[in-house]
Protein chains: 2
Amino acid sequence: MDARNDADEDAAGLDPRLDRDTSNCSIARTLEIVGEKWTILILREVWYGSSRFSEFEHVLGCPRNLLAERLKMLVQEGILATETYKEPGARSRPRYVITQKGMDLVPAVMGLMQWGDKYRADPEGPAVEARHRGCGGHVDIQIRCDRDHHVQLEDIESIPGPAFRLRPAV
Amino acid sequence: MDARNDADEDAAGLDPRLDRDTSNCSIARTLEIVGEKWTILILREVWYGSSRFSEFEHVLGCPRNLLAERLKMLVQEGILATETYKEPGARSRPRYVITQKGMDLVPAVMGLMQWGDKYRADPEGPAVEARHRGCGGHVDIQIRCDRDHHVQLEDIESIPGPAFRLRPAV
DNA sequence: ACTCTGAGTTTACTTTTCTATACTCAGCTG
DNA sequence: CAGCTGAGTATAGAAAAGTAAACTCAGAGT
C-alpha cells in the first residue's frame, strides 16, 4: 500500500535495500548474552541437574577462569542465581540455580537440540531426550500463532515491529 | 528402581555425579556450526530477505573475510545453497538461498528472538515481528509433547537417550 | 581497450579464548 | 592449629577469532 511495493515480492516488510538499523535486534541482543562459548553449555548442565562449580568444571572440561567469568555474568543477568547450601560435615558453599529468566531460554536451546538431533546425531540416536514429566511423551517445539494455528516454517513472515528504525543517515 | 536413586531427586536420569560423555551432545554439535559469531545473524538476514554478498555486508557491517568464510561454511553444511542469477545489464552473480536444513533452524532462532523480545526489547517493543502469513496472527514457539499436551517448562525432564554414554575410564 | 562493480582473497594487526599452572581463602576435621 | 577441600583468583604463553584495509578478478558497458 505504500511506494515500496515495486519489486521484491518475497520480503514484504523488510526489503534488503532498506538501510535497516539492526542495533535493537532481539536475536543479536540475546546472542550478546548467550552467544559466547561455554555459556549455553553451562545452562545445559544446569538443566540436566548440575549446580556446583566443580560439577560444571568436571563435565564441561572448560577452563576455570572462563567458567567463573560465565557464571558471574549469568548471575548478573539474572539467568542464574546463587544459593548457599551446606552438606553435613562440610562448610556452606554457593550453588547455582536457574531463574525464570533462565528457564525462558529453554525453548531456544531445545530448538538447537532438535536440529542437532535431526541432522547431527549418532546413528543410534540422540544422547539425551526430553520428555513430558508425567505423561512421558517425547517433547518438541512447535510454532503456533495467536489463533492457535500450527504454523509451517514457510508461512512465517517477518514484518517491522514498533521499534523498527532505519539507520540514521551519515 | 536401580541403585542410583539414593540422593538426588531432581535430575532423574542425568545425575551430575555420573561421568557423562558429552561429545555427542546435539546442542554442542549444533553450536559447532551456528555458534560462531555472525553465523546466526547471516541466517537472520536470509530469512528477512537478503541473498547477496553485498547485502549481508552492508546490513551486518561484518568484515568481508568472515562473511565469505561463514557463507562458504553454511553452503558446505547444506544450510544455504548458491544459485546463479542475472540482473538485466549486469553479469551473472551468485546468490545465497536457504535450504530445508536451514529452515529447520528457524525454531531455534525464534526462541532466541522471543527471549530477546521479552527481556531485552526497547520500551516500544521489538524491532521485527513474526506473523502467520495469511491469518496475520502473531507467531511464537510452544513446547508440546507427542500427545499434544502443551508442556510447561518445569515439566520437561531430560533423560538418557539411545546414544547416551559414560566417559571411558582413564 | 578501459572502466566499473560485485564478490571475493590476502595480509597485517588487535582482541578474545584457551590451556596450564600456581596461588588464595574459609571453615571443618583430626 | 595444621591440613584438607571446594570454590574460586591470578598470571603467562599459545592459538583462534575478529577487524581493517588493500588487492584481485571476471565480465558487462562504453
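Treat the numbers as computed from the prediction; the structure is a model and nothing was measured. In what follows, every heavy atom counts, from backbone to side chain, and hydrogens, waters and symmetry copies are set aside. In what follows, every chain begins at residue 1, and chains take the letters A, B, ... in the order their sequences are listed.
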Exercise for the section: Could you check whether A:F56 gets within reach of a base, just the sugar-phosphate, or nothing at all, counting any heavy atom under 4.0 Å? Expected result: nothing
Practice task
Sequence neighbours left out, what pairs pass ring-ring contact (aromatic ring centres under 6.0 Å, His included) with at least one residue falling in residues 76-112 of chain B?
Solution key: none
Exercise for the section: Would you tell me if any nitrogen or oxygen in the side chain of A:W38 comes within less than 4.0 Å of OP1 or OP2 on C:dC18? Expected result: yes
Exercise for the section: Give one of base, sugar-phosphate or nothing for A:L66, where a contact means two heavy atoms less than 4.0 Å apart. Expected result: sugar-phosphate
Problem - A:L41 CG - C:dC18 P separation (whole Å) - result: 10 Å
Handout entry: Strand contacts (DNA chain C) in residues 72-90 of chain A, 4.0 angstrom heavy-atom criterion
Key = A:G89, A:A90
Problem - Donor-acceptor pair, side chain of A:T84 and main chain of A:R93, under 3.5 angstrom - result: no
Handout entry: Side-chain heavy-atom pair B:I143, A:D140 within 4.5 angstrom cut-off
Key = no
Exercise for the section: Can you tell me the distance, in whole Å, between the CD atom of A:E69 and the P atom of C:dT16? Expected result: 11 Å
Practice task
Could you please spell out the steps behind the salt bridge (Lys or Arg N to Asp or Glu O under 4.0 Å) verdict for B:R52 and B:E45?
Solution key: CA-CA 10 Å; B:R52 293 151 54 162; B:E45 294 306 322; over 6 Å; no
Handout entry: N/O (side chain, B:S54) to phosphate O (OP1/OP2, C:dG6) under 4.0 Å
Key = no
Problem - Pairs where residues 62-78 of chain A contributes a residue and the test side-chain hydrogen bond (donor to acceptor under 3.5 Å, both in side chains) is met, not counting sequence neighbours - result: A:E57-A:R64
Practice task
Assign A:E36 to base, sugar-phosphate, or nothing according to its heavy-atom contacts below 4.0 angstrom with the strands shown.
Solution key: sugar-phosphate
Exercise for the section: Kindly state each residue pair satisfying ring-ring contact (aromatic ring centres under 6.0 Å, His included) with at least one member in residues 133-164 of chain A, sequence neighbours excluded. Expected result: A:H149-B:H132
Practice task
Flag the pair B:D148 and A:R144 as a salt bridge only when some basic side-chain nitrogen lies within less than 4.0 angstrom of an acidic carboxylate oxygen.
Solution key: yes
Handout entry: First encountered from the 5' end of DNA chain C, between A:G61 and A:S92
Key = A:G61
Handout entry: Residues B:D19, B:R167: salt bridge by 4.0 Å N-O rule
Key = yes
Exercise for the section: Find the distance B:E57:CD to C:dT9:P and express it as a whole number of Å. Expected result: 13 Å
Problem - Heavy-atom contact window of chain A on DNA chain D, given 5' to 3' at under 4.0 Å - result: D:dT5 to D:dT11
Exercise for the section: Measure from CZ on B:R95 to P on C:dG8 and round the result to the nearest Å. Expected result: 14 Å
Problem - Close side-chain approach of B:L41 to A:L31, heavy-atom, < 4.5 Å - result: yes
Practice task
Would you confirm whether A:D15, through its side chain, and A:R17, through its main-chain N or O, come within 3.5 Å as a donor-acceptor pair?
Solution key: yes
Problem - Charged N-O contact under 4.0 Å between B:D117 and A:R29 - result: no
Atom pairs under 3.5 Å: protein N/O with N/O of nucleotides 20-26 of chain C:
unit_1, atom_1, unit_2, atom_2, d
C:dA26, N3, A:R91, NH1, 2.9

Problem - d(CG, B:L67; C1', C:dG6) in whole Å - result: 12 Å
